[in-house]
Novice: 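One structure, pasted below without further comment.
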Amino acid sequence: MRITVIGTGYLGVTHAVCMAELGFEVMGLDVVEEKVAALSTGRVPFYEPGLEELLNKQLAAGRLSFTTDYDKLAAWAGEGSVHFVCVGTPQKKGEYAADMTYVDAAFESLARALAGQGRSLLVGKSTVPVGTASRIAGRLAELAPDAELAWNPEFLREGFAVEDTLHPDRLVLGVRSEQAEQDLRQVYAKLLAADVPLIITDFATSELVKVSANSFLAVKISFINAMAEVCEAAGADVMELAQALSHDPRIGRRFLVPGLGFGGGCLPKDIRAFMARAGELGVDQALAFLKEVDAINMRRRVRTVDLAREQCDGSLLGKRVAVWGAAFKPNSDDIRDSPALNVAASIHLQGAQVTVYDPKASDNARKLFPTLSYADSALEAAYQADVILHLTEWQEFRDLDPAEVAPHVRDTRVIDGRNALDAARWRAAGWTYRALGRP
Ligand code: UDX
C-alpha cells in the first residue's frame with residue numbers, strides 16, 4: 001500500500017513524514033514549487049520541533065518524496081493506494097464561512113489523475129463544514145468511480161505535531177464501507193496495536209468531531225478569560241481562581257490558562273466557520289454562544305493594549321514598547337491570527353515605537369507587519385523601553401533574570417499577557433508587574 005499526502009503545510013508535511021515513519025512509502029504533493037523544492041532537499045519551510053530531523057531521516061531511507069505533478073503521483077501510487085488531503089480551509093475574506101477552494105481543487109485534481117487507475121481510497125483530513133464529505137463523495141462518483149472517500153479529522157497541535165500524529169488521543173474515521181475501514185486500519189495498524197482509541201462513524205459525525213473539539217477548547221479558554229474580566233473588576237486573582245477550579249477533575253487544569261486568549265490557524269476560524277455552517281443548517285441559535293466566546297477572546301487583545309496605555313501614563317504616543325513574542329503560541333513560527341502581533345500592531349497605530357522579538361517567528365512577522373521594528377534578542381527589544389509586553393510564553397522569556405533585564409529599559413514595567421512569568425520574582429527585582437485578571 002502506497003500513501004500520498006496532498007498539501008504540505010503544518011498538517012501535510014507532518015502527516016507525510018509520520019506515515020513514512022510508520023514504514024510506508026509516501027509521496028507528498030504541493031502546488032507551490034518552492035515548498036516541494038525545499039522539502040525534497042530536507043528543509044521544512046516552517047518551524048515545528050523535531051520535524052526536520054524526521055524528514056531527513058525518511059528522505060535518506062528512500063521512503064519519502066515530493067512532487068507538484070498529480071499525474072506522476074497517481075501513476076506512482078498505483079492500485080490500492082491511500083491519498084490523504086491535508087490542504088487548508090482558511091476563513092473567507094469578509095465572511096465567517098470557510099474557504100473551500102483548496103479542498104475542492106485538491107479532490108478534483110486527485111480524482112481526475114486517479115480515474116481509470118483501479119481502486120483507491122481518498123481521505124480528507126482538512127477541517128471542513130459538515131456536509132463536505134458527502135458532497136465530495138458525489139463528485140468522486142462522477143470523476144473516478146473506482147475511488148472511494150473517507151474522512152479522518154486531524155487533532156494535532158502545532159509545536160507537538162509529530163508526537164500528536166504518532167501518539168494521538170484518538171483516531172476518528174468517517175467511512176461508508178467495510179473496505180475503507182480496513183484500508184485505514186491497515187494504515188494505522190501500529191497506532192491501533194498501541195491501543196489508541198478508535199471511533200468508526202459516518203461522514204457527518206467525523207466532520208463534526210473536529211469542529212466541536214476546537215469549539216470546546218475555545219469555550220474553555222474564553223470561560224477563564226471571562227472570569228479574568230470579573231476578577232479585574234472585583235480585585236480578585238484569576239490565576240489563583242483557575243488553580244482552585246482545576247482541582248475539580250470534572251473541570252481540569254488544561255486550557256484553563258487565562259491571558260491574551262486564543263489565536264492561530266485553527267480555533268478562531270473554526271468556531272466562525274462552525275457558526276456559519278450552523279446558520280446554513282437552520283440551527284444558528286444552537287451555536288450563538290460561540291459568538292460570545294469569540295467576543296470575549298477578542299476583548300482580551302483590546303484590554304492588553306489598554307493596560308499598556310495605562311502603564312505608559314495614559315498615552316502611547318512617542319513611547320517605546322518592547323513586545324516579547326510574535327507567534328500565536330510558543331514552539332511555533334505560525335503568526336496566523338496571532339494575538340501578540342495584533343496587540344503590537346495596535347500599539348504601533350497609537351503612536352508608540354514597537355520593537356518585537358520572537359525566537360522563531362520574526363521573519364514571518366516582518367513580512368506581515370513590516371512597519372514594526374524587530375530585534376534579534378529579548379534584551380535588544382527591551383532597549384530603552386517604557387514597558388515590556390510578554391505576549392507569547394516562550395521558555396526563553398521565563399528563563400530571563402529580571403534583574404539583568406532592568407538596566408536595559410527606561411522604565412521597569414512589564415505586562416505579562418500570558419500569566420507565565422514569575423510575578424514575585426519580577427516584583428522582587430523592582431519591576432511593576434501587571435497581568436490580565438490579577439491585582
Ligand atoms: C488547536 C487544537 O488544540 C488542535 O487539537 C487542533 O487540531 C488544531 O487547533 P493549535 O492551533 O496548534 O491546536 O493550538 P492550541 O495549543 O490549541 O492553542 C490555541 C490557542 O489557544 C493559542 O493561541 C494558545 O496560546 C491559546 N491558549 C491555549 C490559551 O490562551 N489558554 C490556554 O489555556 C490554552
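When a ligand or atom number is given, it counts from 1 through the structure's own listing order.
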Novice: Please check if the distance between the ring centroids of His408 and Tyr383 is under 6.0 Å.
Specialist: no
Novice: Side chains of Phe24 and Met1: does their closest heavy-atom pair fall under 4.5 Å?
Specialist: yes
Novice: Give the residues near ligand 1 by chain and number, with the criterion being a heavy-atom distance under 4.0 Å.
Specialist: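 Within 4.0 Å of ligand 1, the protein residues are Glu154, Phe155, Leu156, Arg157, Glu158, Lys210, Asn214, Leu217, Ile221, Phe255, Leu256, Val257, Gly261, Phe262, Gly263, Cys266, Leu267, Phe328, Lys329, Arg418.
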Novice: What I'd like to find out is whether the side chain of Phe155 reaches to under 4.5 Å of the side chain of Asp164, using heavy atoms alone.
Specialist: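 With C-beta onward as the side chain, the pair stays apart.
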Novice: Determine whether the aromatic ring centres of Tyr357 and Tyr374 lie less than 6.0 Å apart.
Specialist: no
Novice: Are Glu396 and Trp324 close enough that some pair of their side-chain heavy atoms sits under 4.5 Å apart?
Specialist: no
Novice: Please list, chain by chain and in numerical order, all residues satisfying salt bridge (charged side-chain N to carboxylate O under 4.0 Å, His left out) with Asp337, sequence neighbours excluded.
Specialist: Arg301
